[in-house]
Protein chains: 2
Amino acid sequence: MAKNIHDIAKAAGVSITTVSKVINNRPHVSPKTRARVQQVIRDEQFIPNHTARGLVQGKSKTIGMFLTTGLTHPFFSRVVVGLEKALKETGYDLLYLVQFDMGSDYSIVQHCLSRNVDGVLIFGFQSHDLNFEEMLQSGIPTIFIDMDFTGPRAGYITSENIDSIKTAVRYLHQLQHQRIAFINGHLDSYVGKQRFEGYRLAMQELELPYDPGYISIGDFSKESGYAAMKEFLKLSNGPTSVICCSDMIALGVLEAAAEAGLSVPDDLSVIGFDGIEMSKHTQPALTTIQQDFLTLGEQAIRSLNEMIHSPNLPPPSIIVPTNLVIRDSCAVCPL
Amino acid sequence: MAKNIHDIAKAAGVSITTVSKVINNRPHVSPKTRARVQQVIRDEQFIPNHTARGLVQGKSKTIGMFLTTGLTHPFFSRVVVGLEKALKETGYDLLYLVQFDMGSDYSIVQHCLSRNVDGVLIFGFQSHDLNFEEMLQSGIPTIFIDMDFTGPRAGYITSENIDSIKTAVRYLHQLQHQRIAFINGHLDSYVGKQRFEGYRLAMQELELPYDPGYISIGDFSKESGYAAMKEFLKLSNGPTSVICCSDMIALGVLEAAAEAGLSVPDDLSVIGFDGIEMSKHTQPALTTIQQDFLTLGEQAIRSLNEMIHSPNLPPPSIIVPTNLVIRDSCAVCPL
DNA sequence: TTGTATGCGTTATCAT
DNA sequence: ATGATAACGCATACAA
């Protein structure tokens with residue numbers, strides 16, 4: 001069933017070396033022989049065995065991928081579309097590396113080495129799970145998504161976080177809002193830190209009152225948004241607007257507001273983050289900071305491809321612009 | 001950096017054969033040597049090279065995966081959680097096989113062979129893209145998700161389709177509805193055919209009027225649901241309820257109904273299919289046929305694992321039960 | 001231009 | 001119980 005290079009060589013009446021040269025577009029083969037071999041390859045539908053090739057070359061035409069939050073990562077399904085596009089361009093297959101809990105001596109680097117992956121994608125926001133230090137030192141080309149680790153062979157890519165939040169604050173400010181609340185995701189995550197910084201800076205720049213009571217630390221979930229809003233509602237002098245670090249948080253805020261009889265946007269303005277499909281269909285449609293998931297995925301693979309082929313290039317740190325999509329959840333401050 | 005079996009052998013003062021035996025839990029090694037070798041392996045964080053192992057064994061501890069609709073498949077991100085769980089149990093990594101368009105002579109089987117995958121998952125509803133016949137004949141253990149291909153080494157897994165729709169029709173019938181419309185997905189897809197059959201049978205059993213004007217063929221998208229509902233609204237004697245083959249279709253129906261000033265569920269009852277996250281948050285919350293995505297994913301991998309290890313077992317055909325989740329989009333027929 | 005031979009890291013066969 | 005050695009399919013240095 002499975003042909004190999006010997007079968008092709010025999011069928012074409014040449015040596016395996018010649019076949020190998022043809023496969024890899026190497027010189028020193030006469031045009032006539034080349035054509036003949038190519039014909040046989042096509043006839044037999046021959047594809048060289050990646051495994052063998054990987055063994056001898058130490059390469060595998062494979063990008064490994066780790067997810068720190070598992071495949072449940074909320075944007076995975078979006079980013080992955082971009083990954084796929086760039087994967088097609090570059091000819092890599094994507095290997096999802098499953099971290100079996102084989103005791104504490106599991107090594108992410110060993111897993112990569114064992115699989116001979118040419119590059120690695122690390123994806124997510126929970127940095128405490130894996131030992132990334134060893135990854136940084138391994139010399140394996142690595143791109144982090146939504147984490148800012150860097151090393152001689154490691155870069156990262158993330159959406160614009162600081163400026164995005166600043167833009168949101170300014171927008172609310174233009175709508176006369178002064179009491180602007182902020183519901184963060186995990187504060188120990190890179191994006192959480194960045195977005196909080198954006199909020200802090202913007203409030204400062206605009207000389208708006210920075211009230212710790214207006215700041216809540218969530219976990220990107222709807223439930224955390226709901227809980228945070230409930231707390232805000234207890235305040236005697238509550239916020240007139242809320243910036244949320246995820247659309248799911250915003251969804252929880254919307255729900256809590258509705259329960260309290262507050263009208264969005266008349267009584268309360270809400271801004272989300274991410275621009276997931278659902279944000280179009282909330283009641284009212286959510287004004288949100290739209291991430292460019294497609295570009296995020298595409299650039300991740302393309303960068304990895306460049307790092308693999310140009311070992312001397314410094315690894316990139318890429319910030320992908322976002323876009324404040326204005327829909328119906330914000331209005332002029334009622335006060 | 002990367003240790004190999006020779007390094008371990010040297011460090012433990014034994015031959016590579018012995019090390020190999022220890023790694024693979026083979027007999028004919030004294031307890032003392034075994035312990036010593038194991039210690040060295042742990043110390044060095046050694047993982048045997050999958051590539052080399054794959055070459056000699058023709059296996060790779062890898063499951064290949066093709067997506068006929070690309071990674072944009074609407075439930076991919078849900079099913080994948082189940083895949084991951086079972087992957088962890090069984091110790092496989094998951095290789096996403098990207099179909100580069102390398103001309104018409106691209107062969108899905110050759111791709112699998114070239115990668116030495118132990119089994120293959122084929123996922124989606126567009127059967128025309130790939131040549132599955134060759135896959136069925138290849139002898140590579142294969143599981144289809146949402147397609148009913150079978151072969152000596154190929155089985156499939158899908159949600160209950162016929163009975164699910166029947167249940168929905170009966171539910172609407174209990175609510176006194178007679179004029180029940182049906183918006184299908186692609187009719188050339190397996191699930192489309194099945195669901196339509198369920199509708200047809202249920203209408204027949206309950207002796208309800210089967211009106212071709214109440215049947216629309218969509219493509220699972222929101223837009224197709226919107227368009228279909230617009231058509232229903234033109235009818236002089238339109239339906240009082242609609243069963244949709246996806247939640248996205250239902251979303252389009254909801255939108256068209258709202259535009260027409262119809263109240264759901266008072267004027268129109270709507271049932272979706274899938275039970276995606278968004279269905280909880282529509283206005284009103286959508287009554288829908290909930291697919292058990294987790295089980296779908298888990299069973300797919302577990303079945304593959306069994307097929308790989310028991311070549312003589314007939315490949316399974318698995319139907320996963322669904323669950324009609326009753327929320328707020330259906331009411332007693334107003335007429 | 002073409003072909004022979006070696007090795008990549010591992011498992012498996014067959015000694016010892 | 002242990003070890004030497006031949007595969008696995010391919011790329012490549014080297015020889016012809």
Side-chain angles (χ1 to χ4, degrees), chain A residues 1-38 40-41 44-62 109-118, chain B residues 1-38 40-41 44-62 91 93 109-118:
Chain A
M1 188 68 217
K3 320 255 172 235
N4 64 23
I5 202 174
H6 289 96
D7 300 326
I8 304 298
K10 204 185 302 173
V14 296
S15 74
I16 62 165
T17 308
T18 303
V19 175
S20 180
K21 282 175 184 162
V22 171
I23 292 171
N24 298 287
N25 274 311
R26 288 262 144 62
H28 308 301
V29 180
S30 77
K32 232 175 58 186
T33 332
R34 189 180 296 273
R36 181 156 36 98
V37 172
Q38 279 168 336
V40 174
I41 289 178
E44 307 279 1
Q45 291 203 79
F46 171 72
I47 298 187
N49 185 299
H50 271 91
T51 307
R53 191 184 283 204
L55 185 57
V56 59
Q57 293 190 140
K59 305 278 165 198
S60 61
K61 261 300 173 186
T62 300
V109 171
Q110 288 302 320
H111 198 163
C112 292
L113 256 22
S114 158
R115 288 292 192 178
N116 267 325
V117 299
D118 301 340
Chain B
M1 187 71 215
K3 322 250 172 239
N4 64 22
I5 202 173
H6 287 97
D7 300 326
I8 304 299
K10 202 186 302 173
V14 296
S15 72
I16 61 166
T17 306
T18 303
V19 175
S20 180
K21 281 174 183 160
V22 171
I23 292 171
N24 298 288
N25 273 312
R26 289 260 145 65
H28 307 303
V29 180
S30 76
K32 231 176 58 187
T33 358
R34 190 180 295 274
R36 182 155 36 97
V37 173
Q38 280 169 335
V40 174
I41 289 177
E44 307 279 359
Q45 292 203 80
F46 171 72
I47 298 186
N49 185 300
H50 271 91
T51 307
R53 188 184 287 202
L55 184 58
V56 60
Q57 293 191 142
K59 305 278 168 198
S60 62
K61 261 300 176 185
T62 300
D93 283 325
V109 172
Q110 289 302 321
H111 198 164
C112 293
L113 256 22
S114 156
R115 288 292 192 180
N116 266 325
V117 299
D118 300 341

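Throughout, a chain's letter reflects where its sequence line sits, starting with A, and its residues are numbered from 1. The shown structure was predicted, so the numbers you read here are calculated from the model rather than taken from an experiment.
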Give a yes-or-no answer on whether the side chains of H50(B) and D93(B) include a donor-acceptor pair shorter than 3.5 Å.
no

Can S114(B) and R53(A) be counted as having a side-chain donor-acceptor contact under 3.5 angstrom?
no

Take atom [atom1] of [X] and atom [atom2] of [N], then tell me their distance rounded to the nearest Å.
{"X": "L113(B)", "N": "dC10(D)", "atom1": "CG", "atom2": "P", "answer": "11 Å"}
{"X": "K21(B)", "N": "dG3(D)", "atom1": "NZ", "atom2": "P", "answer": "9 Å"}
{"X": "H50(B)", "N": "dG9(C)", "atom1": "NE2", "atom2": "P", "answer": "16 Å"}
{"X": "K10(A)", "N": "dT2(C)", "atom1": "NZ", "atom2": "C1'", "answer": "19 Å"}
{"X": "I16(B)", "N": "dG9(C)", "atom1": "CD1", "atom2": "P", "answer": "11 Å"}
{"X": "Q110(A)", "N": "dG9(C)", "atom1": "CD", "atom2": "C1'", "answer": "14 Å"}
{"X": "I5(A)", "N": "dC8(D)", "atom1": "CD1", "atom2": "P", "answer": "14 Å"}
{"X": "R53(B)", "N": "dG9(C)", "atom1": "CZ", "atom2": "P", "answer": "15 Å"}

What nucleic acid atoms does [X] come within less than 4.0 Å of, heavy atoms only: base, sugar-phosphate, or nothing?
{"X": "T18(A)", "value": "sugar-phosphate"}
{"X": "R26(B)", "value": "sugar-phosphate"}
{"X": "H6(B)", "value": "base"}
{"X": "T33(B)", "value": "sugar-phosphate"}
{"X": "V56(A)", "value": "base"}

Among V29(B), V37(B), V22(B), which one satisfies side-chain contact (heavy atoms from CB on, under 4.5 Å) with V14(B)?
V37(B)

Residue F46(A), side-chain atoms from C-beta onward, closest of dC10(D), dA11(D), dT11(C)
dC10(D)

Between S15(B) and L55(B), whichever has its closest DNA chain D nucleotide further toward 5' is S15(B)

Nearest heavy atom decides the nucleotide; on that basis, is P27(B) or Q57(A) closer to the 5' end of DNA chain D?
P27(B)

Position toward the 5' end of DNA chain C (nearest nucleotide), S30(A) or N49(B):
S30(A)

DNA chain C: T17(B) or P31(A), which has the more 5' nearest nucleotide?
P31(A)

For L113(B) and Q45(A): C-alpha separation, side-chain torsions, deciding distance, then whether side chain to side chain contact (heavy atoms under 4.5 Å, CB included) applies.
CA-CA 11 Å; L113(B) 256 22; Q45(A) 291 203 79; over 6 Å; no

Short side-chain N/O contact to dT11(C) OP1/OP2 from N24(B), under 4.0 Å:
yes

Under a 3.5 Å distance rule, please check whether N24(B) uses its side chain to pair with a backbone N or O of R26(B) as donor and acceptor.
no

